[in-house]
Amino acid sequence: MRINTHRGGKLRAFGALLGMLLLTTTVYADDIPPLEERLQLCGGCHNPDGNSVIPENPKLAGLDAKYIARQLGDFKAGKRSNEIMSGIITMVDEKEFKALATYFSGQKRSDGTSDKPDLVAQGKQIFDEGVIGTAVPACAGCHNEDGSGSDKFPRLNGQNPAYVVNQLMNFKNKVRNNDPKAVMQAVAKRLNEKEIAAVAEYVTTLKEAE
Amino acid sequence: MNNILSIIFVSLFSLQAGMAQAADAYVPKVYGKKGYVWDEMTPERIQVLKMGGDPVKGKESFRGCRGCHKADAAGVREGVYPRLTGQHASVLIKQITEIRAGIRKNPKMLPFVEDPAISVEEIGDIAAYLNSLTSVRENGKGDVDMSVQGKKLFTDNNCFKCHGVNGEGNAAKAYPVVAAQHYGYLLREMKLIMTGVRGNSNPDMVKAISKLKQEELEAVADYLSRLPDYRTVAASK
């Protein structure tokens with residue numbers, strides 16, 4: 001986490017610089033930079049093709065465009081917060097959200113790998129069947145068996161396990177509480193940390209069905 | 001004529017206004033507590049019944065339920081999660097709205113069926129969708145076949161008067177289909193209804209079932225779990 005904070009600080013400084021540049025140049029209509037330029041900023045953390053290789057940063061490739069736009073809006077409005085993304089979003093104008101969302105949504109999600117087969121097997125059980133004793137519903141029910149998701153349930157296949165763990169912990173602790181129907185908070189509340197680690201490891205090995 | 005019509009309209013409007021007020025003042029009553037009336041309409045249930053249901057929309061809304069009741073809505077064989085396919089829409093609406101109102105206790109499911117997880121409109125849609133489904137997966141049955149004893153108990157204790165000779169229930173009266181349901185679920189619900197823990201027990205059913213001992217409850221549950229889908233029976237007639 002310390003590494004991330006550091007990176008965030010650097011980027012904030014970079015952002016301030018970018019902001020100054022924007023103030024002194026008037027070539028862009030509405031002060032909005034072209035998409036390609038903006039993508040350099042996002043690409044630094046999420047990879048240019050949206051398949052982030054930094055474990056704590058989510059892969060954006062193949063997420064539903066409306067979902068991405070809503071998350072950006074929520075970061076901007078402070079309804080979802082993260083020390084890094086919340087800082088970044090202050091540099092981005094709301095008018096850019098749609099194009100960014102469309103771009104990342106159109107990228108192909110890369111596959112993930114795991115070298116922890118036992119954890120993966122445990123995670124598969126939770127993902128496909130849920131946990132009967134504690135009434136955890138199967139993740140597959142909402143996110144689909146292959147994790148491909150839908151317009152209401154975000155794509156999970158190939159996602160970075162560290163990011164998935166962070167989100168599940170955040171939902172569980174109500175740090176992330178911007179899910180419109182509050183169902184993901186209800187699911188995560190019933191998961192313990194061991195189950196979270198296992199299911200996150202399984203998620204990354206999921207490949208979208210042909 | 002016009003006058004009569006306008007009187008009807010005015011009274012309809014005031015009826016609606018009255019209902020809106022009742023919705024604010026409505027206090028749900030649970031079985032065993034003073035003032036409990038079985039099958040008393042909650043304001044929400046009246047609303048759902050008025051709106052009707054669209055099975056196509058219902059299929060989409062049911063996504064959030066699949067994690068427990070499974071993608072085919074047939075539940076799990078052990079009976080922790082009941083089969084919902086082919087249940088009468090009226091029964092599904094009664095159960096869902098009473099769970100939302102806190103009359104029927106179901107803490108495991110509540111966060112996924114209460115507002116905002118499911119809107120009022122979606123309740124009728126889901127009920128229409130589930131009613132249209134047929135189960136293809138085999139349901140859970142008792143360990144040993146006790147259907148002969150079970151059938152006799154079901155008849156002698158007048159269970160069939162409400163649940164039908166083929167376990168088909170009664171849509172108009174909101175009596176549930178009990179045929180081909182999972183054994184584990186049937187057994188659990190009979191006890192929850194008998195003891196009142198379920199919260200929305202029918203007092204006449206409590207009377208009918210209270211005479212049964214554990215082994216007899218098992219026999220009835222086994223018998224019902226072995227009945228064919230009631231719609232197969234209706235089709236063959």
Side-chain angles (χ1 to χ4, degrees), chain A residues 64 66-67 70 74 79 123-156 168 171-174 176-192 195-196 198-199 202-203 206 209, chain B residues 56-85 96 99-100 102 104-123 125-126 129-130 133 137 140 182-185 187-189 192 198:
Chain A
D64 180 69
K66 281 208 198 82
Y67 171 80
R70 186 159 46 78
D74 283 357
K79 285 189 206 158
K124 179 176 170 52
Q125 173 71 23
I126 298 167
F127 197 90
D128 291 345
E129 306 297 335
V131 185
I132 297 264
T134 44
V136 178
C139 320
C142 291
H143 294 280
N144 289 352
E145 288 201 9
D146 62 354
S148 55
S150 75
D151 56 343
K152 293 191 195 74
F153 307 107
R155 179 184 292 280
L156 298 176
L168 292 175
F171 279 123
K172 185 179 170 72
N173 301 326
K174 298 190 183 295
R176 179 169 172 187
N177 56 6
N178 68 327
D179 51 332
K181 290 170 178 280
V183 287
M184 200 48 225
Q185 290 177 68
V187 173
K189 203 174 143 188
R190 295 175 183 187
L191 289 168
N192 64 34
E195 290 161 344
I196 287 178
V199 81
Y202 175 63
V203 155
L206 279 170
Chain B
V56 178
K57 283 194 200 153
K59 182 176 183 177
E60 192 48 36
S61 300
F62 186 71
R63 258 177 168 272
C65 320
R66 305 192 313 188
C68 292
H69 294 284
K70 300 287 151 186
D72 60 2
V76 297
R77 290 197 64 191
E78 301 72 34
V80 180
Y81 304 128
R83 168 191 160 181
L84 303 173
T85 54
I96 293 171
I99 288 169
R100 279 161 65 105
R104 177 171 173 185
K105 301 284 171 285
N106 192 347
K108 287 181 181 172
M109 166 160 133
L110 193 59
F112 304 96
V113 78
E114 72 185 345
D115 193 44
I118 293 291
S119 68
V120 180
E121 291 79 18
E122 288 177 286
I123 299 173
D125 295 343
I126 291 176
Y129 168 65
L130 292 172
L133 298 179
R137 229 173 349 113
H182 303 297
Y183 169 83
Y185 177 73
L187 186 60
R188 187 171 75 243
E189 293 310 304
L192 291 176
R198 174 151 143 167

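Residue numbers start from 1 in every chain, and the chains themselves are labelled A, B, ... in the order their sequence lines are given, proteins ahead of strands. Just so you know, these numbers come straight off a predicted model, no measurement behind them.
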Checklist outcome for this item: Correct closest heavy-atom pair for A/V183 and B/A117 would be CG1-CB, 3.7 Å

Only pairs under 3.5 Å, no angle test: what donor-acceptor pairs are there between chain B and chain A?
from	atom 1	to	atom 2	distance (Å)
B/R63	NH1	A/C142	O	2.8
B/R63	NH1	A/N144	OD1	3.4
B/R63	NH2	A/N144	OD1	3.2
B/R66	NE	A/G141	O	2.8
B/R66	NH2	A/G141	O	2.9
B/R66	NH2	A/N144	OD1	3.3
B/G67	O	A/A138	N	2.9
B/K70	NZ	A/E129	OE1	3.2
B/P107	O	A/R190	NH2	3.4
B/K108	O	A/R190	NH1	2.9
B/K108	O	A/R190	NH2	2.9
B/A117	O	A/K181	NZ	3.3

Item to check | Residue pair A/A186 / B/P111: nearest heavy atoms and the distance that separates them | outcome: CB-CB, 3.6 Å

Checklist entry - Under a 4.5 Å heavy-atom cutoff, which of A/C142, A/C139, A/G130 has the most pairs with chain B? => result A/C142

Item to check | Contact origin within B/A71 toward chain A - heavy atom pairs under 4.5 Å | outcome: neither

